[in-house]
Amino acid sequence: PKERILANEFIREERLANRNKGTGLNATISRGMRAISIDIKNGAALSGFLDPGNYVDVMVTINPEGDVEAETRTLLQAVYVLAVYGRSSTEEGAQAPRSRGKAKPSVTLQVTPEQAEQLAHAKKQGEVFLLLRNDLDLQINPTEGVTRESLLGVEEKPVIYKPRPKPEPKSKLLIYKGTAAREYEYDNR
């Protein structure tokens, strides 16, 4: 199988790996998708509760540069987990080992090529965290991200554009004295 199959569930051909393509992780990657591994630390692997076959959101906290403050954003949503600590969903075993010698803990995600670029860039710019999702909740929810000011409830003062008032056209007055005409301009106030 390319993905988890529940008890008494019908098995469709598209959910099975092609037996002519091998048996490794490459056989479980969906067509047009890519596998990317990210090193995880500080509880980013959800304290051992993350398993292959789960879905996660990927969040990144970008470190500040110069005058720019740190910002946290949800980068990707409903991303399929292919492997945790090098253990794929096709392998048996209930939990991922807490540590595997000197190897860094990692999670392998199935993403589009564009998402792989975003994730690789995010790893260089800041710290990446994973958020576990319910397997039945794959809805994409738009988020705006968080800055220090928005976290503390400090409102950013919007720049209000106030256009200059347009000058009102002046009225004209023509005064005729004999054959000579004189023109005067005055405000309508």
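The first residue of the sequence shown is numbered 1, and numbering continues consecutively from there.
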| note | Residues L82 and A35: closest non-hydrogen pair is CD1-CB, 3.7 Å
| query | Side-chain contact, heavy-atom cut-off 4.5 Å: T61 with F129? | reply | yes
| message | Any heavy-atom pair between the side chains of L109 and I38 that's under 4.5 Å? | response | yes
| remark: Rounded to the nearest 0.5 angstrom, the CZ-CG distance for R34 and L119 is 14.5 Å
| said: Using 0.5 Å steps for rounding, measure from the CG atom of D57 to the CG atom of L132. | reply: 9.5 Å
| said: I'd like to check Q77 versus R133 (side-chain heavy atoms, cut-off strictly below 4.5 Å). Are they in contact? | reply: yes
| query | If we only count heavy atoms from C-beta on, is the M33 to T112 side-chain gap below 4.5 Å? | reply | yes
| said: For the CG atom of L131 and the CG atom of L76, what is their distance to the nearest 0.5 Å? | reply: 11.5 Å
| said: Could you tell me if the side chain of V107 sits less than 4.5 Å from the side chain of L130, heavy atoms only? | reply: yes
| remark: OG1 (T147) and CD (E69) are apart, to the nearest 0.5 Å, by 4.5 Å
| Check against side chain to side chain contact (heavy atoms under 4.5 Å, CB included), T72 and V60 | CA-CA 6 Å; T72 301; V60 62; over 6 Å; no
| note | Looking only at heavy atoms, the pair that brings Q118 and L75 closest together is O-CD2, 3.8 Å
| Residue pair L136 / N134: nearest heavy atoms and the distance that separates them | N-OD1, 2.7 Å
| Can you tell me if E9 uses its side chain to pair, donor with acceptor, with the backbone of L6 under 3.5 Å? | yes
| For Y55 and A78, which heavy atoms make the closest approach, and how far apart are they? | CD2-O, 3.8 Å
| message | Taking the side chain as everything from C-beta on, heavy atoms only, tell me whether V81 gets closer than 4.5 Å to L50. | response | yes
| query | What's the verdict on side chain to side chain contact (heavy atoms under 4.5 Å, CB included) for V128 and V58, showing C-alpha distance, side-chain angles and the deciding distance? | reply | CA-CA 7 Å; V128 175; V58 179; 3.6 Å; yes
| query | Counting distance only, does the side-chain N/O of R73 pair as donor-acceptor with the main-chain N or O of E144 below 3.5 Å? | reply | yes
| Side chains of I29 and Q110 in contact at under 4.5 Å (non-hydrogen atoms) | yes
| More than 12 foreign heavy atoms under 6.0 Å from CD of E183: is that the case here? | yes
